[in-house]
Chemist: 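Let me begin by handing over the structure; questions about it come next.
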Amino acid sequence: MTAARTLPGHPHIVRTGDALHVEGLSLAALAAEHGTPLFVYSKQWMLDALAAYQRGFQGRDALVCYAMKANSSLGVLRVFAEAGCGFDIVSGGELVRVLAAGADPAKVIFSGVGKTRAEMRQALAAGIACFNVESDAELEVLNAVALEEGHRAAVSIRINPNVDPKTHPYISTGLKGNKFGVAHDHALATYRHAASLPGLRVLGIDCHIGSQITEASPYLDALERVLDLVEAIEDAGIPLHHLDFGGGLGIDYNNDTPPTADALWKQLLARLDARGFGGRRLIVEPGRSLVGNAGVCVTEVLYTKPGEDKNFCIVDAAMNDLPRPAMYQAFHQIVPVASTRSALPVTYDVVGPICESGDWIGRDRELSVASGDLLAVLSAGAYCMAMASNYNTRGRAAEVLVSGDRATLIRRRETLEDQLLTERFAAA
Ligand code: LLP
């Protein structure tokens with residue numbers, strides 16, 4: 001019997017003998033049962049990731065609000081709802097989903113630059129904890145909607161601290177050129193405005209500087225900037241009940257070394273304590289770091305194709321399933337599901353069947369593969385299924401949640417009937 005060994009950086013993915021497993025289950029067996037492309041998630045990885053935050057906040061008044069945009073599948077939301085998590089939502093659709101998964105609305109916060117009146121009404125009726133407001137114009141509208149509905153809406157104002165998170169430009173959000181939040185210099189005026197509106201109750205302050213952040217320093221810079229503002233706002237007679245530092249903590253895609261959640265928060269809490277804010281209620285909105293490395297996408301090799309400049313390994317997953325490489329030139333490790341070599345190693349671009357040169361999943365990867373082999377695309381738990389599309393009339397993949405040696409199909413594969421359901425021909 002060959003010893004089991006975990007993949008570096010992926011403690012819940014285990015190679016036993018010839019076969020790759022997520023927790024106790026073989027990916028080849030799951031693919032045979034459910035087909036490919038197939039997303040497979042480890043429940044234990046998610047719970048361990050959450051535990052790192054909980055350890056970091058031990059003894060503090062803190063709420064982890066899972067940013068469900070990272071993976072909003074009901075079966076994944078249920079894992080976090082059962083663990084007592086709060087949620088960060090960005091649409092009325094996400095609100096319906098998370099309530100369907102059993103979330104406590106009193107632990108839901110609502111972020112985003114473009115909330116509609118209908119979404120505001122829906123969230124007020126559900127009794128969410130707080131709106132993270134991003135502009136003066138939004139404050140006015142929320143005030144009017146709350147008064148119409150006979151509510152006082154709890155608000156926190158998102159500050160743009162103008163801090164460089166040192167990540168991909170598409171996923172940095174706290175620079176002054178980004179559309180997010182209220183400029184640091186304007187924030188006090190916005191707080192005064194909010195405090196004067198009768199339909200609002202000012203509850204907190206928030207900021208979110210970006211995503212896939214792999215260093216503590218941008219967080220520490222943002223923290224100082226936010227605390228400077230908290231002092232100024234409270235000096236102006238507006239007390240703040242909570243401080244929300246957003247999400248953004250990165251994961252290991254390719255030998256990345258982000259701090260663990262508890263190590264990051266040890267540093268941040270030390271600064272909060274030093275400045276006298278350690279006892280304040282804290283909120284965080286992590287997405288990727290709670291689900292990213294819980295997931296893999298299993299895909300079958302359809303063809304290998306030698307080219308003049310490049311060799312191509314054409315697989316049955318594509319940019320509609322795994323959009324991150326096409327959108328952000330993101331790197332995902334790609335490993336064979338069976339370790340026995342079925343061909344000589346060749347350097348391939350791993351690509352999908354979609355009719356675009358942007359449809360690639362990995363570039364210049366050395367693989368020993370032949371048609372019919374299975375590959376696992378790692379770190380596919382966050383921003384993959386949640387961003388999947390039907391481009392090229394491809395159905396969305398199926399998803400399986402593994403817990404120990406039990407698998408649950410949490411989303412069946414989307415059929416063509418599902419896709420055609422909403423469409424009609426024009427009248428003749
Ligand atoms: N809070 C707010 C207000 C956000 O905008 C985001 C993410 C989060 C929390 C969660 O951030 P996280 O902990 O997941 O980094 N699709 C991109 C990532 C977009 C992130 C958008 N905002 C990607 O695949 O890299």
Side-chain angles (χ1 to χ4, degrees), residues 46 49-50 52-53 63-72 76 80 85-91 94 98 108-115 130-135 138 156-161 165-175 178-182 204-215 218-219 222 226 243-254 256 258-261 264-265 283-295 297 319-332 361 377-389:
M46 296 179 201
L50 177 62
Y53 280 92
L63 180 65
V64 178
C65 289
Y66 167 51
M68 62 177 282
K69 63 171 79 70
N71 187 321
S72 54
V76 170
F80 291 110
C85 257
F87 293 89
D88 173 46
I89 63 167
V90 289
S91 72
E94 286 197 345
V98 82
V108 171
I109 58 175
F110 194 169
S111 297
V113 293
K115 303 173 195 80
C130 190
F131 290 83
N132 288 351
V133 173
E134 303 224 14
S135 63
E138 185 191 338
S156 157
I157 292 167
R158 178 168 174 184
I159 303 308
N160 184 329
K166 301 177 193 149
T167 184
H168 190 281
Y170 282 14
I171 53 176
S172 81
T173 52
L175 280 166
N178 298 135
K179 68 179 174 183
F180 298 99
V182 171
I205 188 165
D206 67 282
C207 83
H208 170 80
I209 55 174
S211 198
Q212 186 52 20
I213 301 168
T214 54
E215 297 170 36
Y219 282 103
V226 169
L243 315 177
D244 173 347
F245 292 100
L249 181 58
I251 60 168
D252 178 9
Y253 284 102
N254 184 23
D256 301 301
T260 59
L264 173 68
W265 275 94
I283 296 181
V284 285
E285 307 165 2
R288 190 191 316 265
S289 54
L290 290 183
V291 289
N293 270 336
C297 180
M319 66 189 280
N320 73 304
D321 307 296
L322 296 162
R324 304 191 66 258
M327 284 185 77
Y328 320 110
Q329 297 78 45
F331 183 97
H332 288 260
I361 293 168
V377 181
L378 306 189
S379 312
Y383 302 112
C384 292
M385 185 48 120
M387 300 205 305
S389 78

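Whatever order the structure lists ligands and atoms in, that order sets their numbers, starting from 1. Residues: numbered from 1 along the sequence shown.
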Chemist: Output the list of atoms in ligand 1 that are nearer than 4.0 Å to some heavy atom of Met387, sorted by atom number.
Modeler: 16 (N)
Chemist: Rounded to the nearest 0.5 Å, what's the gap from OH on Tyr253 to CG on Leu378? Could you check?
Modeler: 11.5 Å
Chemist: Which ligand 1 atoms, with their elements, are less than 4.0 angstrom from a heavy-atom of Pro286?
Modeler: 13 (O)
Chemist: For ligand 1, which atoms have a heavy atom of Ala67 less than 4.0 angstrom away?
Modeler: 8 (C), 9 (C), 10 (C)
Chemist: Could you state the interatomic distance from NE2 (His208) to CG (Asp88), rounded to the nearest 0.5 Å?
Modeler: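 Going from the NE2 atom of His208 to the CG atom of Asp88 covers 8.5 Å.
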Chemist: What heavy-atom pair brings Ser289 and Ile251 nearest, and what distance separates the two atoms?
Modeler: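 What the structure gives for the nearest pair is CA-CG2, 3.8 Å.
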Chemist: Evaluate the side-chain proximity of Met385 to Val76: yes if any heavy-atom separation is below 4.5 Å, no if none is.
Modeler: no
Chemist: Under 4.0 Å from ligand 1, counting heavy atoms only, is it the side chain of Lys69, its backbone, both or neither?
Modeler: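 Under 4.0 Å from ligand 1, Lys69 contributes side-chain atoms alone.
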Chemist: Identify, by atom number and element, the atoms of ligand 1 in contact range of Arg158, meaning under 4.0 Å from any of its heavy atoms.
Modeler: 3 (C)
Chemist: Taking only heavy atoms of Gly248, which atoms of ligand 1 are found under 4.0 Å from at least one of them?
Modeler: 11 (O), 12 (P), 13 (O), 15 (O)
Chemist: List ligand 1 atoms under 4.0 Å from Gly247, heavy atoms only on the residue side.
Modeler: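 Checking each atom against Gly247, I get 9 (C), 13 (O).
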Chemist: Given the ring of Phe131, does Lys115 sit roughly above its face, with NZ or CZ under 6.0 Å from the centre of the six-membered ring and within 45° of the axis?
Modeler: no
Chemist: Are the side chain of Asn320 and the backbone N or O of Ser389 linked by a donor-acceptor pair below 3.5 Å?
Modeler: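 The answer is yes, because a donor-acceptor pair under 3.5 Å joins these two groups.
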Chemist: Pairs of nitrogen or oxygen atoms closer than 3.5 Å, one from Ser289 and one from ligand 1: do any exist?
Modeler: no
Chemist: Is Ser211 in polar range of ligand 1, meaning some N or O pair under 3.5 Å apart?
Modeler: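 Yes; the residue has a nitrogen or oxygen that sits under 3.5 Å from a nitrogen or oxygen of the ligand.
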Chemist: Applying a heavy-atom cut-off of 4.0 Å, say which part of Ala70 lies close to ligand 1: side chain, backbone, both or neither.
Modeler: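 Looking at Ala70 and ligand 1, no heavy atom falls under 4.0 Å.
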Chemist: Are the side chains of Cys65 and Ile89 in touch, meaning some heavy atoms are under 4.5 Å apart?
Modeler: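 Sidechains of Ile89 and Cys65: no contact.
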Chemist: Grab the two heavy atoms, one from Tyr66 and one from Gly287, that are nearest each other, plus how far apart they are.
Modeler: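 Of all heavy-atom pairs spanning Tyr66 and Gly287, the closest is CE1-O, 3.9 Å.
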Chemist: Heavy atoms only, cut-off 4.0 Å: how does Arg324 contact ligand 1, side chain, backbone, both, or neither?
Modeler: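 Near ligand 1, Arg324 shows its side chain, while the N, CA, C and O stay back.
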Chemist: Taking only heavy atoms of Asp88 into account, list the atoms of ligand 1 that are under 4.0 Å away from them.
Modeler: 1 (N), 2 (C), 9 (C)
Chemist: For residues Arg324 and Cys384, determine if any side-chain heavy atom of one lies less than 4.5 Å from a side-chain heavy atom of the other.
Modeler: yes
Chemist: Nearest non-hydrogen atom to atom 8 (C) of ligand 1 belongs to which of Gln212, His208, Arg288?
Modeler: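 When every heavy atom of Gln212, His208, Arg288 is considered, His208 comes closest to atom 8 (C) of ligand 1.
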